[in-house]
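Every value quoted in this text rests on a predicted model; they were computed, and no experiment measured them. Count residues from 1 along the sequence.
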Amino acid sequence: MWKREGEGEERKGLAGFMAFKTLVEKGVWEWIEVNRPAFAFNTLLLDTVFGECLDPKGQGIPSTAGMARWVWENSHVEMLNLMQPQWFVDCRDAGRLFVALLATTPVVDRERIFGFGARYSFHRVAEILKELYPEHADKMAKVKDLGWDQTEVPNERGAELLARLGQQGWRSLEESVKENAESWLKLEQQG
């Protein structure tokens with residue numbers, strides 16, 4: 001894999017991971033087109049996922065939810081500063097989208113659903129955490145302000161599916177970060 005001068009291993013690994021996910025999805029869609037199975041098939045494209053961790057003691061604070069914790073712990077700051085502003089989805093919205101794809105009528109079939117609730121950046125995550133926990137603000141990571149994602153994404157269909165389950169709109173970044181933080185604080189209390 002190529003590497004730009006001065007580029008760290010973290011970025012190199014992320015690029016490979018994202019490319020792999022794209023190739024897998026492309027391959028599955030090609031298989032679906034050729035084989036035309038009788039079952040419904042969809043892909044749910046999730047970006048960063050924040051929100052309440054269901055079992056912090058048993059599973060820890062994994063994946064991107066754990067990256068929000070890095071802000072709190074002032075760890076892996078170099079990695080956080082590599083993460084460009086993008087879109088996120090709350091874990092509850094993601095779960096509801098899976099249910100909507102599997103168990104609602106009319107059946108959803110052969111669709112790519114963008115589970116992208118709202119824009120975020122780790123700089124904004126840090127601001128939210130500092131607003132929620134001002135007594136801890138000086139211990140948190142100083143994350144670079146890399147701006148705001150300006151892309152538009154086709155997330156309307158995801159919002160329609162959430163509405164099938166009685167939810168109007170996406171959960172906010174503020175709600176998700178708050179519940180994410182409550183998960184790791186609960187874990188710290190459990191020791």
Side-chain angles (χ1 to χ4, degrees), residues 8-22 24 43-101 113-146 148-149 153 155 158 162 165 167 169-191:
E9 290 299 313
E10 297 90 359
R11 181 167 291 220
K12 181 180 172 185
L14 284 174
F17 173 71
M18 291 183 281
F20 173 74
K21 285 179 63 171
T22 302
V24 167
T43 52
L44 178 54
L45 308 173
L46 303 174
D47 203 327
T48 301
V49 180
F50 294 131
E52 179 184 9
C53 241
L54 297 179
D55 182 16
K57 188 171 184 178
Q59 72 183 45
I61 309 294
S63 193
T64 51
M67 295 173 93
R69 188 177 187 192
W70 293 351
V71 173
W72 178 267
E73 295 174 336
N74 193 19
S75 63
H76 306 283
V77 179
E78 310 81 26
M79 180 69 130
L80 293 170
N81 284 329
L82 288 175
M83 300 296 292
Q84 294 297 310
Q86 50 194 297
W87 288 74
F88 94 99
V89 66
D90 182 86
C91 61
R92 291 181 184 178
D93 290 347
R96 286 181 179 107
L97 287 172
F98 281 113
V99 169
L101 289 171
I113 306 299
F114 284 77
F116 289 31
R119 293 171 174 89
Y120 90 97
S121 70
F122 277 105
H123 179 75
R124 180 65 188 129
V125 168
E127 288 178 337
I128 293 166
L129 288 170
K130 289 173 184 176
E131 290 165 13
L132 291 169
Y133 304 100
E135 71 284 355
H136 192 81
D138 62 330
K139 298 175 186 150
M140 291 185 212
K142 311 286 187 277
V143 183
K144 290 180 188 173
D145 185 353
L146 301 175
W148 207 238
D149 189 317
V153 295
N155 64 350
L162 290 175
L165 297 175
Q167 179 175 315
W170 302 92
R171 292 175 56 84
S172 73
L173 179 61
E174 291 75 13
E175 290 174 294
S176 296
V177 170
K178 180 177 188 278
E179 291 175 359
N180 204 160
E182 288 169 352
S183 295
W184 71 67
L185 292 172
K186 180 178 175 182
L187 182 63
E188 288 175 6
Q189 289 173 350
Q190 291 174 349

Is there side-chain contact between [X] and [Y], with heavy atoms separated by less than 4.5 Å?
| X | Y | answer |
| --- | --- | --- |
| Glu188 | Arg69 | yes |
| Leu97 | Leu162 | yes |
| Lys144 | Phe122 | no |
| Pro56 | Trp184 | no |
| Leu146 | His123 | no |
| Glu131 | Lys178 | no |
| Asp90 | Trp170 | no |

Where [X] and [Y] come nearest, the two heavy atoms and their spacing:
| X | Y | answer |
| --- | --- | --- |
| Leu44 | Gly115 | CD1-N, 4.1 Å |
| Met140 | Ala126 | SD-O, 4.4 Å |
| Ala181 | Leu129 | CB-CD2, 3.8 Å |
| Val89 | Ala94 | CG2-N, 4.1 Å |
| Glu135 | Asp138 | O-OD1, 3.9 Å |

Report yes or no: does [X] contribute a side-chain atom to a donor-acceptor pair with the main-chain N or O of [Y] at less than 3.5 Å?
| X | Y | answer |
| --- | --- | --- |
| Arg119 | Trp87 | no |
| Gln167 | Gly169 | yes |
| Asn155 | Phe116 | yes |
| Gln190 | Leu187 | no |
| Gln86 | Gln84 | yes |
| His76 | Trp70 | no |
| Ser183 | Cys53 | yes |
| Ser75 | Val71 | no |

Query raised in the report: In this structure, are over 12 heavy atoms from other groups packed under 6.0 Å from Lys21 atom NZ?
Result: no
Nearest-0.5 Å distance, [atom1] of residue [X] to [atom2] of residue [Y]:
| X | Y | atom1 | atom2 | value |
| --- | --- | --- | --- | --- |
| Cys91 | Asn180 | SG | CG | 8.0 Å |
| Leu82 | Leu80 | CG | CG | 9.0 Å |
| Asp93 | Leu165 | CG | CG | 10.5 Å |

Query raised in the report: Are the charged groups of Glu179 and Arg171 less than 4.0 angstrom apart, N to O?
Result: yes
Query raised in the report: In terms of ring plane angle, is the pair Tyr120 and Phe50 parallel, tilted or perpendicular, where the classes change at 30° and 60°?
Result: perpendicular
Report summary line: Paired with Arg124, the side-chain contact (heavy atoms from CB on, under 4.5 Å) test is passed by just one of Val143, Val177, Leu173, namely Leu173
Query raised in the report: Hey, mind stepping through Lys139 and Asn74 against side-chain contact (heavy atoms from CB on, under 4.5 Å) and telling me if it holds?
Result: CA-CA 7 Å; Lys139 298 175 186 150; Asn74 193 19; over 6 Å; no
Query raised in the report: Please walk me through it: do Lys186 and Lys57 pass side-chain contact (heavy atoms from CB on, under 4.5 Å)?
Result: CA-CA 9 Å; Lys186 180 178 175 182; Lys57 188 171 184 178; over 6 Å; no
Validation: residues 58-65 side-chain donor-acceptor distances under 3.5 Å, sequence neighbours left out:
| unit_1 | atom_1 | unit_2 | atom_2 | d |
| --- | --- | --- | --- | --- |
| Thr64 | OG1 | Val49 | N | 2.9 |
| Thr64 | OG1 | Val49 | O | 2.9 |

Query raised in the report: Would the Tyr133 and Trp72 ring centres measure less than 6.0 Å apart?
Result: yes
Requested in this report: Would you please test Glu127 and Lys130 for salt bridge (Lys or Arg N to Asp or Glu O under 4.0 Å) and show each step?
Outcome: CA-CA 5 Å; Glu127 288 178 337; Lys130 289 173 184 176; over 6 Å; no
